[in-house]
Visitor: 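Take a look at this one; I'll ask things after.
Quick caveat, the model's predicted, so the values are computed rather than measured. Atoms within a ligand are numbered from 1 in the order they appear, just like the ligands themselves.
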Amino acid sequence: MIEVSPEVTEALAAGRPVVALETTLIAHGFPGGEGVGVGLEAEQKVRGSSAVPATIGVIDGAVRVGLSEAELERFTPEARKAGPRDLAACVVQRAVGATTVGGTLAVCRSAGIRFMATGGIGGVHRGERFDVSADLGELAHTQALVVSSGAKSILDVPATAELLETLGVPVLGFRTDELPLFFVGSGGPPVSARIETAAEAAAIARAHWELGRETAVLLSRPPPYDLTEAPPLVDRAIEEMEKAGLQGQELTPALLGRLNELSEGRTVKANRELVLANASLAADVAVAYAA
Ligand code: PSU
Ligand code: MN
């Protein structure tokens with residue numbers, strides 16, 4: 001049920017660096033078809049750092065690892081959001097399944113891919129309602145290094161950091177002491193270790209797994225520039241969504257769309273930049289690990 005492209009198969013067999021990329025970001029993370037362009041650019045960034053991109057998603061009754069441009073274009077907003085629980089149903093029902101970080105990591109585990117890049121991981125949502133992303137469950141038992149700009153902007157980030165500690169997931173800060181807050185780099189909870197280079201991240205990931213740890217390693221890279229106007233807009237968008245009664249899987253896409261309106265497009269631009277920077281760094285770490 002998992003079909004790996006020839007390019008990715010060859011790279012993995014030869015021990016060359018491979019970086020997985022998710023498709024939820026493509027289908028639901030950007031407005032009006034912009035996601036495909038971001039997905040393609042992220043792949044170019046990975047190639048630019050001498051690694052092989054492996055974008056993952058479900059199409060035509062199979063989990064696919066390594067997608068062509070025409071295949072990427074099928075991950076429209078109509079695609080189902082595919083967390084780890086949704087992979088099987090998407091395969092059997094032949095749905096287009098856009099994999100989340102959790103869904104992508106589940107596939108990485110089966111395919112033997114050790115590196116992944118994203119914008120922000122899911123985590124503990126704010127508010128009274130119990131909503132904790134399945135991303136955390138997969139981070140707890142997948143030996144992969146995930147590069148992100150911390151957790152999604154709309155989450156309860158201190159609670160997410162506490163849960164990562166509970167699960168035993170190292171949180172490395174790339175040239176920072178604080179877990180980035182997605183749109184802004186500073187003000188978050190402390191990381192478990194600060195690192196300065198991609199090689200250092202690769203060495204810690206290797207040591208973590210050689211010590212028998214079975215969890216992921218989260219490498220947090222501050223966004224390329226601070227969007228200081230974003231946090232109050234995030235608060236406002238969340239309040240609006242609560243009033244509208246939005247919850248579950250629809251919440252993130254709706255919130256990101258509203259944020260884009262409120263910021264006149266600046267949150268989307270910032271999101272794009274940080275996704276691309278994270279793809280480059282993930283490739284650098286994968287290259288250092290392979291060496
Ligand atoms: N971060 C973003 N935009 C996104 C996501 C994360 O800035 O669209 C996606 C990722 O695919 C992540 C998912 O895995 O949201 C988590 O969603 P949930 O909270 O429903 O598990
Ligand atoms: Mn959820």
Side-chain angles (χ1 to χ4, degrees), residues 20-31 34-36 38-39 42 55-58 75-77 79-87 90 97-108 116-140 142 144 146-157 159-160 163-164 179-184 216 218 220-221 223 227 230-231 233-234 237-238 241-242 246-260 263 266-279:
L21 300 166
E22 56 157 316
T23 37
T24 287
L25 204 130
I26 293 174
H28 307 298
F30 291 85
E34 266 185 65
V36 175
V38 178
T55 304
I56 293 177
V58 186
F75 291 86
T76 62
R80 271 202 230 167
K81 185 168 161 182
R85 68 167 189 188
D86 304 301
L87 294 170
C90 287
T99 53
T100 62
V101 171
T104 305
L105 282 175
V107 178
C108 285
M116 161 170 197
T118 184
I121 61 158
V124 181
H125 278 263
R126 299 186 202 173
E128 310 281 282
R129 198 181 287 120
F130 185 85
D131 182 349
V132 178
S133 175
D135 290 358
L136 295 180
E138 296 306 311
L139 286 165
T142 309
V146 180
V147 180
S148 81
S149 295
K152 292 192 293 190
S153 54
I154 56 180
L155 298 175
D156 180 336
V157 178
T160 302
L163 198 41
L164 285 165
L179 182 62
L181 299 173
F182 198 76
F183 291 124
V184 293
L218 190 65
S220 292
R221 185 194 189 292
L227 200 63
L233 299 184
V234 173
I238 289 177
M241 297 300 131
E242 260 165 24
L246 256 107
Q247 52 178 300
Q249 286 191 325
E250 303 160 351
L251 184 61
T252 299
L255 264 170
L256 294 175
R258 182 65 182 131
L259 266 176
N260 185 40
S263 69
R266 283 187 291 277
T267 52
V268 166
K269 192 168 172 289
N271 201 343
R272 176 190 197 104
E273 295 300 324
L274 65 85
V275 165
L276 299 181
N278 294 342

Visitor: Identify which one of T55, T118, T99, T23 satisfies the side-chain hydrogen bond (donor to acceptor under 3.5 Å, both in side chains) criterion when paired with T104.
Guide: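 Among T55, T118, T99, T23, the one that satisfies the side-chain hydrogen bond (donor to acceptor under 3.5 Å, both in side chains) with T104 is T99.
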Visitor: What residue and heavy atom of the protein are closest to atom 7 (O) of ligand 1, and at what distance?
Guide: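 Protein heavy atom at minimum distance: F182 CZ, 3.1 Å.
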Visitor: Donor-acceptor pair, H28 side chain versus A79 backbone, under 3.5 Å?
Guide: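 Confirmed, H28 side chain pairs with A79 backbone.
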Visitor: Do any N or O atoms from the side chain of D156 and from the backbone of H125 form a donor-acceptor pair under 3.5 angstrom?
Guide: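 Not a single qualifying donor-acceptor pair exists.
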Visitor: Checking the side chain of N278 only, and the main-chain atoms of V275 only, is there a donor and an acceptor separated by less than 3.5 Å?
Guide: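 No; zero donor-acceptor contacts below 3.5 Å.
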Visitor: I'd like to check whether G120 has a polar contact with ligand 1, where a contact means an N/O of the residue lying under 3.5 Å from an N/O of the ligand.
Guide: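 N/O-N/O distance below 3.5 Å exists for this pair.
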Visitor: Looking at every heavy atom in both L139 and I121, which two are closest together, and how far apart are they?
Guide: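 Minimum heavy-atom contact is CD1-CD1, 3.9 Å.
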Visitor: Look at atom 9 (C) of ligand 1 and say which protein heavy atom is nearest, naming residue and atom and giving the distance to 0.1 Å.
Guide: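 Checking every protein heavy atom, the shortest distance to atom 9 (C) of ligand 1 gives T24 CG2, 3.9 Å.
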Visitor: Is it true that G119 lies under 4.0 Å from ligand 1, counting heavy atoms only?
Guide: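 No; G119 lies far enough from ligand 1 that no heavy-atom distance drops under 4.0 Å.
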Visitor: Mind checking whether E22 contacts ligand 1 via backbone (N, CA, C, O), side chain (CB onward), both or neither, at a 4.0 Å heavy-atom cut-off?
Guide: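 Answer for E22: side chain.
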Visitor: Determine the minimum heavy-atom distance between G122 and L155, stating which atoms define it.
Guide: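 For G122 versus L155, the nearest heavy atoms are C-CD1, 3.6 Å.
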Visitor: Heavy atoms only: which of K81, H28, Q249 is nearest to atom 20 (O) of ligand 1?
Guide: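 Shortest heavy-atom distance from atom 20 (O) of ligand 1: K81.
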Visitor: What protein heavy atom is closest to atom 21 (O) of ligand 1, reported as residue, atom name and distance in Å?
Guide: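 Result: S133 OG, 2.7 Å.
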Visitor: Using a 4.0 Å cutoff against the non-hydrogen atoms of H125, which atoms of ligand 1 qualify?
Guide: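 Near H125, the atoms of ligand 1 are 19 (O).
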Visitor: May I have the step-by-step check of side-chain contact (heavy atoms from CB on, under 4.5 Å) for I238 and R126, ending in yes or no?
Guide: CA-CA 9 Å; I238 289 177; R126 299 186 202 173; 3.5 Å; yes
Visitor: Looking only at non-hydrogen atoms, find the nearest pair between P31 and V268 and report the distance.
Guide: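 Heavy atoms of P31 and V268 come nearest at CD-CG2, 3.6 Å.
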Visitor: Is a side-chain N or O of T142 found less than 3.5 angstrom from the main chain of A144, in a donor-acceptor match?
Guide: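 Flag not set: sc T142 to bb A144 has no pair under 3.5 Å.
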Visitor: What protein heavy atom sits nearest atom 12 (C) of ligand 1, and how far away is it?
Guide: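 Residue, atom and distance for the closest contact: D135 OD2, 3.3 Å.
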Visitor: Could you give me a count of protein N/O/S atoms that are under 2.8 Å from the Mn ion (ligand 2)?
Guide: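 Protein heteroatoms (N, O, S) closer than 2.8 Å to the Mn ion (ligand 2) number 1.
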Visitor: With a 4.0 Å heavy-atom cut-off (strictly under), which part of L256 contacts ligand 1: side chain, backbone, both or neither?
Guide: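 For L256, only side-chain atoms sit under 4.0 Å from ligand 1.
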Visitor: Output the list of atoms in ligand 1 that are nearer than 4.0 Å to some heavy atom of T100, sorted by atom number.
Guide: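 Counting atoms of ligand 1 from 1, those under 4.0 Å from T100 are 11 (O), 14 (O).
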Visitor: For the pair S149 (side chain) and R221 (backbone), establish whether a donor and an acceptor sit closer than 3.5 Å, ignoring hydrogens and angles.
Guide: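 Yes: the side chain of S149 pairs with the backbone of R221.
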Visitor: Are the side chain of T24 and the backbone of A98 linked by a donor-acceptor contact shorter than 3.5 Å?
Guide: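 It does hold such a pair.
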Visitor: Taking C-beta and beyond as the side chain, do L256 and T267 meet within less than 4.5 Å on heavy atoms?
Guide: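 No; the side chains remain at least 4.5 Å from each other.
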Visitor: Which residue owns the protein heavy atom closest to atom 5 (C) of ligand 1, what's the atom, and how far is it?
Guide: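 Checked against all protein heavy atoms, atom 5 (C) of ligand 1 sits closest to K152 CD, 3.7 Å.
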Visitor: Heavy-atom distances under 4.0 Å decide this one: backbone, side chain, both or neither, for V101 against ligand 1?
Guide: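 V101 to ligand 1: contacts from backbone and side chain alike.
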